[in-house]
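Okay, structure first, notes after.
In this text the structure is predicted, and so the values were computed from the model without any measurement. Residue numbers start at 1 and run along the sequence shown.
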Amino acid sequence: MRFRPVIFFSILFSIAPAIQDDWIPVEPGLWEMTTTVNLPILPEPKVSIVTECMTDSEFDMDDVASDGSENDCTFNMGEVDGSTMKWTVDCPIEGGSSHGEWEATSSGDSVTGSGMMTMSFQGQTMEMTMSWEGKRIGECAAQ
């Protein structure tokens with residue numbers, strides 16, 4: 001299962017190492033996810049809505065930790081406590097580095113989350129915050 005609504009994971013960082021057996025429940029089916037990104041360089045928050053078929057019954061750290069691309073990010077699992085998981089990621093970026101702190105909570109048929117990414121490059125620091133919420137809206141279309 002790719003939890004693309006948290007597409008920002010793919011955009012902001014790609015993490016190679018996976019931590020197994022750390023997961024929160026997700027009801028398989030068609031999901032609608034709304035992601036809100038706040039950056040100081042944007043005049044207003046950027047809101048994205050995507051719909052995706054999720055086939056697995058868990059949102060696991062393999063999904064958070066990998067999007068199929070290579071990089072030098074360091075992924076650290078903070079904790080999984082029932083339906084909530086927390087993690088951090090540190091990535092080198094051209095001329096600097098980035099550090100993110102993330103959290104997601106699932107009730108099975110809905111998920112919420114938020115995070116913060118601090119990017120430092122060429123003597124400048126910029127902080128981005130993000131939040132997302134999603135809900136299962138039905139069955140996936142037959143393929």
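- The heavy-atom pair separating Ser98 from Met119 by the smallest distance is CB-CG, 3.7 Å.
- Its side chain within the 4.5 Å cluster rule, Leu30 clusters with Ile137 among the Ile, Leu, Val, Met, Phe, Trp and Tyr residues.
- Separating the CG atom in Leu39 from the OG1 atom in Thr129 is a distance of 8.0 Å, to the nearest 0.5 Å.
- Applying the side chain to side chain donor-acceptor pair (under 3.5 Å) test to Thr84 and every residue at least two apart in sequence or in another chain returns Thr105.
- Here the closest non-hydrogen pair linking Cys73 and Pro92 is N-CD, 4.2 Å.
- From Ile41, atom CD1 reaches atom CE of Met128 across 11.0 Å, with rounding to the nearest 0.5 Å.
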Chi angles and distances behind the side chain to side chain contact (heavy atoms under 4.5 Å, CB included) call for Val89, Met117:
CA-CA 9 Å; Val89 63; Met117 178 73 75; 4.2 Å; yes
Go through Met33 and Val111 one step at a time and tell me if the side chain to side chain contact (heavy atoms under 4.5 Å, CB included) criterion holds.
CA-CA 9 Å; Met33 296 295 297; Val111 65; 3.7 Å; yes
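- Considering Thr74, Thr88, Asp90 as possible partners of His99, the one that fulfils the side chain to side chain donor-acceptor pair (under 3.5 Å) test is Asp90.
- Once rounded to the nearest 0.5 Å, the distance linking CD of Glu27 with OG of Ser110 reads 11.0 Å.
- Considering only residues two or more places apart in sequence or on other chains, Gln122 meets the side chain to side chain donor-acceptor pair (under 3.5 Å) condition with none of them.
- Here Asp72 contributes atom CG and Ile93 contributes atom CD1; the two are 13.0 Å apart, rounded to the nearest 0.5 Å.
- A pairwise comparison of heavy atoms in Thr125 and Ser120 identifies OG1-OG, 3.5 Å as the closest pair.
- Legend: residues meeting side chain to side chain contact (heavy atoms under 4.5 Å, CB included) with Ser114, ordered by chain and number and at least two apart, are Ser131.
- Residue Gly108 comes nearest to Ser106 through the heavy atom pair N-OG, 3.0 Å, listed as atom of the first residue, atom of the second, then distance.
- Among residues at least two apart or in separate chains, there is no salt bridge (charged side-chain N to carboxylate O under 4.0 Å, His left out) pair with a member in residues 105-123.
- Two different hydrophobic clusters hold Val50 and Val47 under the rule that ILVMFWY side chains link at heavy-atom gaps under 4.5 Å.
- Checked against salt bridge (charged side-chain N to carboxylate O under 4.0 Å, His left out), Glu133 has no partners two or more places apart in sequence or in another chain.
- Separating the CG atom in Asn38 from the CE atom in Met116 is a distance of 13.5 Å, to the nearest 0.5 Å.
- Heavy atoms only, all atoms of each residue included: Ala104 and Trp132 are closest at CB-CZ2, 4.1 Å.
- Listed here is the closest heavy atom pair of Glu127 and Pro40: O-CD, 3.2 Å.
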